[in-house]
Amino acid sequence: QVQLVESGGGLVQAGGSLRLSCAASGYAFRNYAMGWFRQAPGKEREFVAAISSSGAGTSYADSVKGRFTISSDNAKNTVYLQMNSLKPEDTAVYYCAGRFGTSTPTSRYAYPYWGQGTQVTVSS
């Protein structure tokens with residue numbers, strides 16, 4: 001079955017960097033678009049970034065543009081989220097999500113497959 005496993009979260013000071021990884025298994029990774037979402041305590045899960053199945057297309061939430069970069073490695077069945085210039089408001093549980101197809105929707109309801117999440121905490 002489809003399995004997504006995130007890693008790379010942790011505690012970092014404001015201005016620092018982290019790289020999240022999401023290892024996928026159980027399906028043809030190259031046929032799936034992948035996304036990153038996050039959820040802070042008491043808030044809705046929100047879109048962060050997405051990448052098309054080919055890796056050629058990406059989209060970002062306005063709040064992370066210029067600071068975060070999503071990428072994928074089809075040979076390793078892994079998608080990454082490089083996070084730079086982190087801010088305390090980036091603190092959240094970050095989730096990897098996948099969907100069959102090439103498009104990169106920003107709605108969490110468009111993604112049927114989810115990882116368990118990894119905690120990112122940014123201290124001020």
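These numbers come from a predicted model, not from an experiment.
Thr104 places no side-chain N or O within donor-acceptor distance of the main-chain N or O of Ile51, the cut-off being under 3.5 Å.
Residues Arg45 and Trp114 have side chains in contact (heavy-atom distance under 4.5 Å, counting atoms from C-beta outward). Between Ser123 and Thr121 there is no side-chain heavy-atom pair separated by less than 4.5 Å. Inter-residue side-chain proximity for Gln39 and Tyr95 is flagged as met; some heavy-atom pair is nearer than 4.5 Å. In this structure the side chain of Met83 reaches within 4.5 angstrom of the side chain of Val120, judged on heavy atoms.
Nearest heavy atoms, Ser124 versus Pro88: CB-CG, 3.8 Å. Residues Pro112 and Ala110 approach most closely at CD-O, 3.5 Å, considering heavy atoms. Across all their heavy atoms, Lys87 and Val122 have their closest contact at O-CB, 3.3 Å. Tyr94 and Asp90 get closest at one heavy-atom pair: OH-O, 2.6 Å.
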For residues 9-34, dump all side-chain donor-acceptor pairs below 3.5 Å to protein atoms at least two apart in sequence or in another chain.
from	atom 1	to	atom 2	distance (Å)
Ser17	OG	Asn84	OD1	2.9

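Checked options Tyr109, Phe37, Tyr111; the residue passing with Phe47 is Phe37 (criterion: ring-ring contact (aromatic ring centres under 6.0 Å, His included)).
The structure places CZ of Arg108 at 15.5 Å from CZ of Arg99, a figure rounded to the nearest 0.5 Å. Note that the OG atom of Ser59 and the CD1 atom of Ile70 stand 7.5 Å from one another [nearest 0.5 Å]. Atom CG of Leu4 sits about 10.5 Å away from atom OG1 of Thr78, to the nearest 0.5 Å.
In the hydrophobic clustering, Tyr80 connects to no other residue, as no ILVMFWY side-chain heavy atoms lie under 4.5 Å from its own.
Under the salt bridge (charged side-chain N to carboxylate O under 4.0 Å, His left out) criterion, Glu46 pairs with Arg38, not counting sequence neighbours.
Arg67 and Ser63 form no side-chain donor-acceptor contact under 3.5 Å, judged by distance and modelled atom types alone.
For Lys65 and Asp62, the salt-bridge test passes: some basic side-chain N is under 4.0 Å from an acidic carboxylate O.
Connection of Val93 to Val79 is not established within any shared hydrophobic cluster, with ILVMFWY side chains joined at heavy-atom distances below 4.5 Å, either directly or through further cluster members.
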